[in-house]
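Note sheet for the following structure.
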Amino acid sequence: MTPATRVRHASAIAAVVLLGATACAADTSTEPAAAPAVEQDDASDDLIGELINTEGQSVGTLSLSEDNGSVRGEVSLTDLTVDPGFHGFHLHETAVCEADAPDGPFTTAGGHWNFTDAEHPGHVGDMPALLVIENGTAEAMFVTDRFTLDDFPDEGVAVILHEDRDNFAHIPDRYQSEDADEPGPDETTLATGDAGDRYACATLTP
């Protein structure tokens, strides 16, 4: 370091010390300074559902928020005991989750939420298949314009994670179900995507 550099360095240190001393002398208040106000997003209109599996255990959440006419969904699930891979994930028409329902776990949630009378995978409540990885977790984000949060019925809807894959009713005409009179997807496939039993359920109430 040259002499000129040392002088400049010493001058800078002196300036910092002087500024600090001036600030301390000016602050005679015994109360701590108030933290600056932080503007936060208003998330009061978000819908959040906690998914419960057939054993009554919480496995995570689905949250829905609205922005510029589209709905953003965020899924975070853990401790899943289903097989790794893609699983059917839908909104269902009735906000009732009964794991011990007589007709099978969470059948009280009814069919897919579908106020436009479409066939699967065009139901309003048809969401992207959820990928469960080897450690039993699933994370996803999606955006949909098939519905807004104002479209939710007052009594709400249910969220269902299924045990099997959703084929989105993609059954080529070269295949024919033994339950159908013609090739292609049968009635069950058009209603459910053959996603199988219901593994976890949540309610979303506006």
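Model, not experiment: these values are computed from the prediction.
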Would the number of heavy atoms belonging to other residues, nucleotides or ligands and lying under 6.0 Å from [atom1] of [X] be above 12?
X	atom1	answer
D181	CG	no
F86	CZ	no
Q176	CD	yes
F115	CZ	yes

Does either side chain, that of [X] or that of [Y], offer a donor lying less than 3.5 Å from an acceptor on the other one?
X	Y	value
H162	D197	no
T61	E50	no
S65	D46	no
S63	E74	no
T137	N135	yes

Donor-acceptor check, side chain of [X] to backbone of [Y], threshold 3.5 angstrom: yes or no?
X	Y	value
D103	T107	no
T203	A158	no
H90	G125	no
H112	V124	no
T108	E98	yes
Y199	T81	yes
E66	L149	yes

Nearest 0.5 Å, please: how far is [atom2] in [Y] from [atom1] in [X]?
X	Y	atom1	atom2	value
I52	C97	CD1	SG	8.5 Å
S70	R146	OG	CZ	12.5 Å
M127	T144	CE	OG1	9.5 Å
D83	E163	CG	CD	8.5 Å
Y175	H170	OH	NE2	9.0 Å

Single-linkage hydrophobic cluster, 4.5 Å side-chain cutoff, [X] and [Y] together:
X	Y	value
V59	L91	yes
F152	I48	no
L77	L131	no
L204	I160	no

Less than 4.5 Å apart, side chain to side chain, heavy atoms only: is that true for [X] and [Y]?
X	Y	result
F142	V71	no
R165	N167	no
R72	D67	no
V159	F89	yes
D164	D194	no
H92	W113	no
L64	L62	yes
T188	D179	no

Matching residue for F168 among P128, P185, P121 - test: side-chain contact (heavy atoms from CB on, under 4.5 Å): P121

Please report the closest heavy-atom contact between [X] and [Y], naming both atoms and the distance.
X	Y	answer
R198	P105	CB-O, 3.5 Å
V157	A95	O-CB, 3.5 Å
G88	A195	CA-CB, 4.1 Å
A169	T189	CA-CG2, 3.5 Å
G156	P206	CA-CD, 3.9 Å
D186	S177	OD2-OG, 2.9 Å

Hey, mind stepping through H120 and D126 against side-chain contact (heavy atoms from CB on, under 4.5 Å) and telling me if it holds? CA-CA 7 Å; H120 188 68; D126 289 341; 2.8 Å; yes

Could you please spell out the steps behind the side-chain contact (heavy atoms from CB on, under 4.5 Å) verdict for N114 and T116? CA-CA 5 Å; N114 185 30; T116 62; 3.7 Å; yes

